[in-house]
Amino acid sequence: MSLAPLLEAAPAIPLHAFAAMAAFLLGLVQFAAPKGTLPHRTVGWIWVALMTLVAASSFWIHQIRLAGPFSPIHLLSIFTLVMLPLAVWRAHAHRVAAHRRIMILLFAGALVVAGLFTLVPGRIMHRVIFGA
């Protein structure tokens, strides 16, 4: 494993990757920790900020170009940017089940599934994890 391919990439890529890795780890903490507490809300706001950074930074990453400079993953970024405030609003409105569903969906789709696609041969994260 070597971070060199990631650190040598365009600035948006390491920003995106490190924010995603931090969001993944904080997401695991959120799943394990008690809900509704001040620490849950604090870590939750940090997670939302990280996910906003992950989604927004993706618009400066153009390794896969299927529609001009964009790819289907950018649709996931738009979806994430729409769903994050909706999930926060659901929590604020005490609609906990809806908040939970959205957050789990975002964690699973925008971090886990999308993250697995970064491990496809030829991608930067594949080189980071498995070498050249």
Side-chain angles (χ1 to χ4, degrees):
M1 184 172 139
S2 169
L3 289 176
L6 185 58
L7 298 175
E8 293 166 357
I13 295 172
L15 174 68
H16 178 81
F18 287 125
M21 288 184 268
F24 179 79
L25 293 174
L26 279 183
L28 293 177
V29 168
Q30 285 293 77
F31 287 135
K35 310 301 181 266
T37 63
L38 180 59
H40 176 80
R41 289 190 299 272
T42 303
V43 171
W45 278 111
I46 295 167
W47 190 84
V48 167
L50 285 167
M51 287 302 294
T52 300
L53 183 59
V54 170
S57 64
S58 77
F59 293 107
W60 281 268
I61 301 173
H62 305 288
Q63 259 61 29
I64 301 171
R65 296 170 182 253
L66 295 177
F70 301 108
S71 71
I73 198 73
H74 293 102
L75 294 175
L76 178 59
S77 296
I78 293 168
F79 178 78
T80 299
L81 292 171
V82 169
M83 296 306 286
L84 283 169
L86 183 61
V88 170
W89 179 73
R90 294 282 199 252
H92 180 73
H94 303 287
R95 296 183 57 193
V96 176
H99 167 75
R100 181 183 308 114
R101 272 192 307 273
I102 295 169
M103 290 304 199
I104 291 171
L105 176 68
L106 288 174
F107 181 87
L111 287 175
V112 176
V113 174
L116 289 173
F117 278 107
T118 69
L119 299 178
V120 171
R123 307 284 314 269
I124 291 171
M125 289 309 291
H126 182 273
R127 288 192 313 245
V128 167
I129 302 296
F130 303 109

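Note: Met21 CE to Leu26 CG = 13.0 Å, rounded to the nearest 0.5 Å. The CD1 atom of Ile102 sits 8.5 Å away from the CZ atom of Arg95 when rounded to the nearest 0.5 Å.
The cluster map of Ile, Leu, Val, Met, Phe, Trp and Tyr, joined by side-chain heavy atoms under 4.5 Å apart, puts Leu84 and Leu86 in the same cluster. The cluster map of Ile, Leu, Val, Met, Phe, Trp and Tyr, joined by side-chain heavy atoms under 4.5 Å apart, puts Leu116 and Leu76 in the same cluster. By the rule that hydrophobic residues join a cluster once side-chain heavy atoms approach within less than 4.5 Å of another member, Val29 and Met103 end up as members of separate clusters. Residues Leu15 and Ile73 are members of separate hydrophobic clusters, defined by side-chain heavy-atom contacts under 4.5 angstrom among Ile, Leu, Val, Met, Phe, Trp and Tyr. Met83 and Val113 fall into different hydrophobic clusters, where Ile, Leu, Val, Met, Phe, Trp and Tyr are joined by side-chain heavy atoms under 4.5 Å apart, directly or via other members.
Ala4 meets the side chain to side chain contact (heavy atoms under 4.5 Å, CB included) test with Ser2, Glu8; sequence neighbours excluded. Residues satisfying the ring-ring contact (aromatic ring centres under 6.0 Å, His included) criterion with Phe117, sequence neighbours excluded, are absent altogether. Remark: His126 pairs with Phe130 by the ring-ring contact (aromatic ring centres under 6.0 Å, His included) rule, at least two apart or across chains.
Within the structure, every pair that satisfies the ring pair (Phe, Tyr, Trp, His ring centres under 6.0 Å) test and touches residues 80-107, not counting sequence neighbours, is listed here: Phe24-Phe107, Phe31-Phe107. Applying the side chain to side chain donor-acceptor pair (under 3.5 Å) rule to pairs touching residues 29-39 yields Gln30-His40, sequence neighbours excluded.
Using a 4.5 Å heavy-atom cutoff, the side chains of Val96 and Arg100 are in contact. Proximity of Phe18 to Ile13: side-chain heavy atoms (C-beta onward) are nowhere separated by under 4.5 Å. Between Leu119 and Ile129, some side-chain heavy-atom pair lies under the 4.5 Å cut-off.
Nearest approach of Arg41 to Gly36, heavy atoms of both residues: NH1-O, 2.7 Å.
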Without placing hydrogens or testing angles, list every side-chain donor-acceptor pair under 3.5 Å for residues 44-61, not counting sequence neighbours.
{"from": "Trp47", "atom 1": "NE1", "to": "Ala23", "atom 2": "O", "distance (Å)": "2.9"}
{"from": "Thr52", "atom 1": "OG1", "to": "Val48", "atom 2": "O", "distance (Å)": "2.8"}
{"from": "Ser57", "atom 1": "OG", "to": "His16", "atom 2": "ND1", "distance (Å)": "2.9"}
{"from": "Ser57", "atom 1": "OG", "to": "Leu53", "atom 2": "O", "distance (Å)": "2.8"}
{"from": "Ser57", "atom 1": "OG", "to": "Val54", "atom 2": "O", "distance (Å)": "3.1"}
{"from": "Ser58", "atom 1": "OG", "to": "Ala55", "atom 2": "O", "distance (Å)": "2.7"}
{"from": "Ser58", "atom 1": "OG", "to": "Ser77", "atom 2": "OG", "distance (Å)": "2.5"}

